[in-house]
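Accompanying notes for the structure given below.
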Amino acid sequence: MAKSDMTKILVTGACGQIGSELTLALRRRYGNENVIAVGHRTKPSEALCTTGPFEYIDVTRRETIEEVVRKYKIDTIYHLAAILSAVGEKKPQLAWEVNMNGLYNVLEVAREYEMVRVFCPSSIAAFGPETPRDNTPQETVLRPTTMYGVTKVAGELLCNYYFIRFGLDVRGVRYPGIISSETLPGGGTTDYAVEIFYEAIKHKRYTCFVREDTVLPMMYMPDCIKAAIDLMEADLSRLKHHADFNLSAMSFSAGELAAEIRKHIPEFVCEYKPDFRQAIADSWPRSIDDSAARQEWGWEPEYDLAAMTADMLEKLGRRYAEGRL
Ligand code: AKB
């Protein structure tokens, strides 16, 4: 499918961790005026507002999505608005409302307005304690024990249903924990892998909310963005899967991450005080088999633990020195 088919793009959750950087990458690729960022309540960054259109919507109110779709003649949606795993366990009803009804509204609007394509990310949270934890296969047990995970499995099924039943071209990946330097993640279990960098730079100490030996799959933001864009531009005829691609980049324990940071900041001290998020982390895989994504649309990550750590510390270190962290 050609890149030029997607002419007016809407990004929901544009103020979030992934949305804030993906929107800017999409604007660089498809033109500033062609990528409309939408948020809910969060104040958008200056970069988001000054480089292209920004609007407020509430994905749980379908009419607010339709208004923006009509105003800008949208033909493609990147639907990133979601409640993540840790907040989802504190507020399961809200997680259902936003993640399921929000997705349903987006898919219905996309169907009704005959959109070219929709991107909706799933997550490693779709897996559960009965799933094989190492090199987790593409086709496997999906019995999550979090509300976030339940909405991700149901969301994958719903997206695939819209493809089969209505021919709506919905695509998605099961993202691992995402590490980034621009916008902090909000309310996930893998947030420690981002917070640790900020605290290492600011205070040379961090108290981690999972055990030192907790291993989870992770990915650096440039790879996260590349995955979304590459999958959306992939030739549909090559795809056997649609909204549920396993995706992998690196896996490491919290202790290994702290040790890697210590190579750059030798005085850095990390303590471990597991809280309720440990049980969520323990229900997720340690590593992922992403061979379907590699075969069907050429997925290949660029960053490993060492390259990601060096880049994070360089970026955050510069911001700290300029008093902007
Ligand atoms: C979370 O921790 O909830 C997310 C995810 C893995 O989907 N980062």
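Just follow the structure's listing: the first ligand is 1, and inside any ligand the first atom is 1. The chain is numbered in sequence order, starting from 1.
- Of the residues listed (Ile196, Leu216, Thr214), the one engaging Leu257 in a side chain to side chain contact (heavy atoms under 4.5 Å, CB included) is Ile196, and it is the only one.
- Below 4.0 Å from some heavy atom of Trp284 lie the following atoms of ligand 1, by number and element: 1 (C), 2 (O), 3 (O), 6 (C).
- The number of heavy-atom neighbours closer than 6.0 Å to CD of Glu114, taken from other residues, nucleotides and ligands shown, is 12 or below.
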Evaluate the side-chain contact (heavy atoms from CB on, under 4.5 Å) criterion for residues His242 and Tyr162: first the C-alpha distance (whole Å), next the side-chain angles of each, then the deciding distance (0.1 Å), finally the verdict. CA-CA 11 Å; His242 293 276; Tyr162 269 70; over 6 Å; no

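- Ring planes of Phe119 and Tyr78: tilted class, angle from 30 to 60°.
- For Trp299 and Phe245, the distance between ring centers is not under 6.0 angstrom.
- Looking at Thr189 next to ligand 1, an N or O pair under 3.5 Å apart turns up.
- At under 3.5 Å, a nitrogen or oxygen of Ser85, whether backbone or side chain, sits near a nitrogen or oxygen of ligand 1.
- Close approach of ligand 1 to Leu84 (heavy-atom distance below 4.0 Å) involves ligand atoms 3 (O).
- Among protein heavy atoms, atom 8 (N) of ligand 1 sits closest to Thr190 OG1, 2.9 Å.
- Those atoms of ligand 1 that come under 4.0 Å of a heavy atom in Ser123, given as number and element, are 5 (C), 6 (C), 7 (O).
- For the residue pair Asn32/Arg27, the side-chain donor-acceptor check at 3.5 Å is not satisfied.
- Below 4.0 Å from some heavy atom of Tyr148 lie the following atoms of ligand 1, by number and element: 3 (O), 5 (C), 7 (O).
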